[in-house]
Amino acid sequence: MAKDAQETYPGSDPVGDMAREGKRLNRSFSRLAVLGVVLVIGGVVGLVYTGLATLTSMLLFGWLLLIGGVVGLLQAIQSRGTSYFWLAVVVAALNIAAGVVVIRHPEGSAEALTMFAALLFLTGGLFRLVGSVVVRGPQFGWTLLQGAFGLLLGLLVLFDWPESSRYVLGVFFSLALLFDGLGLIAIGVGGRRIVSMVTPAMPAMPERSEPPAQEPSEPPEPGPSESAHDQSNN
């Protein structure tokens with residue numbers, strides 16, 4: 001009865017189900033690792049060709065703004081009659097306009113964003129420096145180092161502007177791809193190791209062995225006692 005129930009319901013085998021789920025997870029983690037390798041290759045290529053990476057990042061940024069604006073406008077149209085309808089329309093229109101400008105003028109947009117990034121580095125580094133000196137908390141040295149690094153980076157980008165706009169955004173974009181790819185590779189490889197540790201191997205089905213063919217047996221020869229008994233009968 002138990003054998004018939006197991007053949008009728010194949011999913012009732014917990015070891016087999018766990019092994020199949022482990023294989024599926026291994027495939028998913030392998031895809032993550034492959035995607036991480038692709039991102040790492042893209043990041044390395046971007047670090048070599050920073051100008052191309054800057055142009056690519058600006059075009060990607062422009063298309064993201066444009067697509068996000070169109071999606072936001074469609075959602076605003078669906079929610080007409082609500083209190084935030086006009087706010088959603090204005091935000092979507094600004095995203096669409098910004099996306100069109102970035103796509104049509106990627107070099108000028110890169111210069112503007114580089115200037116904005118330099119100002120962010122300057123203000124962030126200055127606030128960290130002042131805050132670390134005033135507060136003097138347990139992370140005083142680390143916060144002071146971060147502030148000095150941000151201030152120095154902002155000054156370097158600002159003093160070389162607008163020439164710095166040709167490589168700054170490309171370097172940031174390539175580094176983001178590189179570190180994201182390394183993270184995905186680590187997740188994929190580590191996930192495969194964990195799955196292989198906790199998932200049992202699929203048990204092999206035992207082969208059905210046929211019993212050896214039996215040769216026809218000959219009648220046994222009569223022993224001495226049987227021969228004496230037959231003679232006495234005669």
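Owing to the predicted nature of the structure, the values given are computational and were not obtained by experimental measurement. These numbers come from the heavy atoms of this one structure, side chains and all, not from hydrogens, waters or symmetry mates.
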Test of understanding: clusters of I, L, V, M, F, W, Y form through side-chain heavy atoms closer than 4.5 Å, transitively. Do [X] and [Y] belong to the same one?
X     : Y     : answer
Val89 : Leu65 : no
Tyr49 : Leu55 : no
Leu87 : Leu73 : no
Val48 : Ile41 : yes
Phe61 : Val91 : no

Distance in Å, [X] [atom1] paired with [Y] [atom2], rounded so as to fall on 0.5 Å steps:
X      : Y      : atom1 : atom2 : answer
Thr123 : Arg128 : OG1   : CZ    : 9.5 Å
Leu39  : Leu182 : CG    : CG    : 9.5 Å
Leu152 : Leu122 : CG    : CG    : 10.0 Å
Leu120 : Leu113 : CG    : CG    : 10.0 Å
Leu151 : Leu156 : CG    : CG    : 9.5 Å

Shortest non-hydrogen contact between [X] and [Y], atoms and distance:
X      : Y      : result
Val101 : Ser109 : O-OG, 3.9 Å
Ala53  : Ser174 : CB-OG, 3.6 Å
Leu59  : Ile103 : CD2-O, 4.0 Å
Gly69  : Asn95  : CA-CB, 3.7 Å

key: For Ser30, all residues meeting side-chain hydrogen bond (donor to acceptor under 3.5 Å, both in side chains), sequence neighbours excluded   =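 Result, side-chain hydrogen bond (donor to acceptor under 3.5 Å, both in side chains) vs Ser30: Arg192.
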ask   = Would you say Leu94 and Val90 make side-chain contact, with heavy atoms under 4.5 Å?
value =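 Yes, side chains in contact.
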Residues forming a side chain to side chain contact (heavy atoms under 4.5 Å, CB included) with [X], sequence neighbours excluded:
X      : value
Ala110 : Thr54, Met58, Leu169
Leu60  : Leu64, Phe173
Val44  : Val40, Leu178

key: Val189, Leu35, Val34 screened by side chain to side chain contact (heavy atoms under 4.5 Å, CB included) with Leu184, the one that passes   =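 Testing each of Val189, Leu35, Val34 against Leu184, the sole residue satisfying side chain to side chain contact (heavy atoms under 4.5 Å, CB included) is Leu35.
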request  = Would you mind listing every side-chain hydrogen bond (donor to acceptor under 3.5 Å, both in side chains) that reaches into residues 112-121, with sequence neighbours excluded?
outcome  = none
task = Name all residues meeting the ring-ring contact (aromatic ring centres under 6.0 Å, His included) criterion together with Phe121; count only those two or more places apart in sequence or in a different chain, and write none if there are none.
result = Phe172
